Amino acid sequence: MPGPGPLSGPAPDTAPRRRVAIVGAALSDCGRVDGPTPYALHAQAARRALADSGLDRSVIDGFASAGLGTLAPVEVAEYLGLRPAWTDSTSVGGATWEVMAAHAADAIAAGHANAVLLAYGSTARADIKARRRTANLSFGARGPLQFEAPYGHTLIAKYAMAARRHMHEYGTTLEQLASIAVQARANAADNPDAMFRDPVTVDDVLSGEMIADPFTKLHCCIRSDGGCAILLAAEDYVPDTAKRPVWILGAGTAVSHTAMSEWEDFTVSPAAASGRVAFRRAGLTPSDIDIAELYDAFTYMTLVTLEDLGFCPKGEGGAFAAKGRLLRDGDLPVNTDGGGLSACHPGMRGLFLLVEATRQLRGEAGPTQTLRRDGTPPEVAVASGTGGWFCSAGTVVLGRG
């Protein structure tokens, strides 16, 4: 029997807190996708996620999307043929999707919605190739950014400055940062959806074209096309779904700064705050986590997020990562699909983290599947997105049903 229809739950002021699960997850075509529009990639990913759930589209009463259209998510919902009663268009960069997942989970738990679809799609690579757009080096010069724009601060340069500060404070080395890119590529090697799969070495990373000191090309994420979607639903629906649920155990969000001059410490990201809240709400600690899907537009993002989530002490992220711990068979598999450094990065990658975590916890990741020491799929995962230049963070702890 189907689950309850849209808005058929109890009134919000009397609703018990319901458990919330990811019941559908899917990618659109990814990598080099020259034909479809971003809207088409949204639709392709949404259809696949709905099919993955085994539920009928009529159960969807909530929709969240950002980054496309003048009135996102209204335009995308219309394209998908949805008329949601609950919407979210939060836009905080790459962390958007973890923040939206937290909002959707709270709404479902409180009875404000029953099933919320999150969808994303981008043709960033194809648009540049076709000269429909140029590569964005900055976010403009309005508001607080006007005070930094005259000094030539690009997005990449801001991350590079933060990395240099970590190197100065803690002795982090270029080789340690490079090892993160090497391990990401190794994780991508068996992923048929990954854009780059050939192995690279630390020397390859260090000898590459300089983009923003200390980042060479391989320290930076790739530019790809692609989309993905997840469907979150109340526990009422779980008996009728096609796959085992992946439960939202806890989530946290945080913002930090816009202007670099307002960032108190370049070596601490807002994941330190969002992670602390997410783990507290989940009733877990970093030692309970089997795999981590972390936003990795640059190698330094992976390093500092590992520290800020508590997987290693502050300042020890370089040594922690350099020991091969991030590989799929390592102590803490990180970005098991190859991440934004090797698999795909169409723009705001945060939703891809949730899709990959879901597949891993279900044991459906195919050639990229990780296993615990006892040979079983992972039980608990964390997905942590970063937005802007460490301006925002969203962290979600997930558990296998």
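Note that the structure is a prediction, hence the values are computed from the model and not measured.
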I'd like to check [X] versus [Y] (side-chain heavy atoms, cut-off strictly below 4.5 Å). Are they in contact?
X      : Y      : value
Phe390 : Lys158 : no
Phe352 : Tyr120 : yes
Ile108 : Leu232 : yes
Leu231 : Ile22  : no
Thr123 : Thr37  : no
Val304 : Lys314 : yes
Thr302 : Leu326 : yes
Tyr295 : Thr305 : no

Measure the [atom1]-[atom2] distance between [X] and [Y] for me, rounded to the nearest 0.5 Å.
X      : Y      : atom1 : atom2 : answer
Leu306 : Glu316 : CG    : CD    : 12.0 Å
Leu117 : Leu55  : CG    : CG    : 11.5 Å
Glu169 : Met167 : CD    : CE    : 12.5 Å

Please answer whether the main-chain N or O of [Y] pairs with a side-chain N or O of [X] as donor and acceptor at a distance below 3.5 Å.
X      : Y      : result
Asp290 : Glu379 : yes
Arg276 : Ala272 : yes
Gln369 : Glu364 : yes
Tyr300 : Tyr159 : no
Arg349 : Cys344 : yes
Thr241 : Val238 : yes
His257 : Cys391 : no
Arg328 : Asn187 : yes
Gln183 : Ser179 : yes
Ser65  : Ala119 : yes

Is the shortest distance from a Lys or Arg side-chain nitrogen in [X] or [Y] to a carboxylate oxygen in the other one below 4.0 Å?
X      : Y      : value
Asp52  : Arg362 : yes
Asp236 : Arg18  : yes
Arg17  : Asp106 : yes

Do you know the tightest heavy-atom contact between [X] and [Y]?
X      : Y      : answer
Ile248 : Ala105 : CG2-CB, 4.2 Å
Pro214 : Ala160 : CD-O, 3.6 Å
Leu27  : Cys228 : CD2-CB, 3.7 Å

Would you kindly check if the NZ (Lys) or CZ (Arg) of [X] is within the cone defined by 45 degrees around the ring axis of [Y] and under 6.0 Å from the six-membered ring centre?
X      : Y      : answer
Arg32  : Phe196 : yes
Arg325 : Phe320 : yes
Arg400 : Trp247 : no

Which class fits the ring pair Phe298 and Phe215: parallel under 30°, tilted 30 to 60°, perpendicular over 60°?
->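 If you compare the ring of Phe298 with that of Phe215, the planes turn out parallel.
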
Just by distance, no angles: are the side chains of [X] and [Y] close enough, under 3.5 Å, to form a donor-acceptor pair?
X      : Y      : result
Thr201 : Asp204 : yes
Glu98  : His103 : no
Gln360 : Thr370 : yes
Thr267 : His166 : no
Ser224 : His345 : no
Glu209 : Thr216 : no
Ser269 : Asp308 : yes

Given the rule in the side-chain contact (heavy atoms from CB on, under 4.5 Å) test, do Val182 and Val205 qualify, once you have shown the distances and angles that lead to the verdict?
-> CA-CA 8 Å; Val182 171; Val205 179; 4.2 Å; yes

Please assess Val74 against Thr87 for the test side-chain contact (heavy atoms from CB on, under 4.5 Å), listing each intermediate value before the final yes or no.
-> CA-CA 8 Å; Val74 179; Thr87 60; over 6 Å; no

Stepwise side-chain contact (heavy atoms from CB on, under 4.5 Å) check, Ile180 with Leu341 = CA-CA 9 Å; Ile180 294 172; Leu341 292 170; 4.3 Å; yes

Give the C-alpha distance, both sets of side-chain angles, the deciding distance and a yes or no for side-chain contact (heavy atoms from CB on, under 4.5 Å) between Val397 and Phe279.
-> CA-CA 7 Å; Val397 180; Phe279 283 124; 4.0 Å; yes

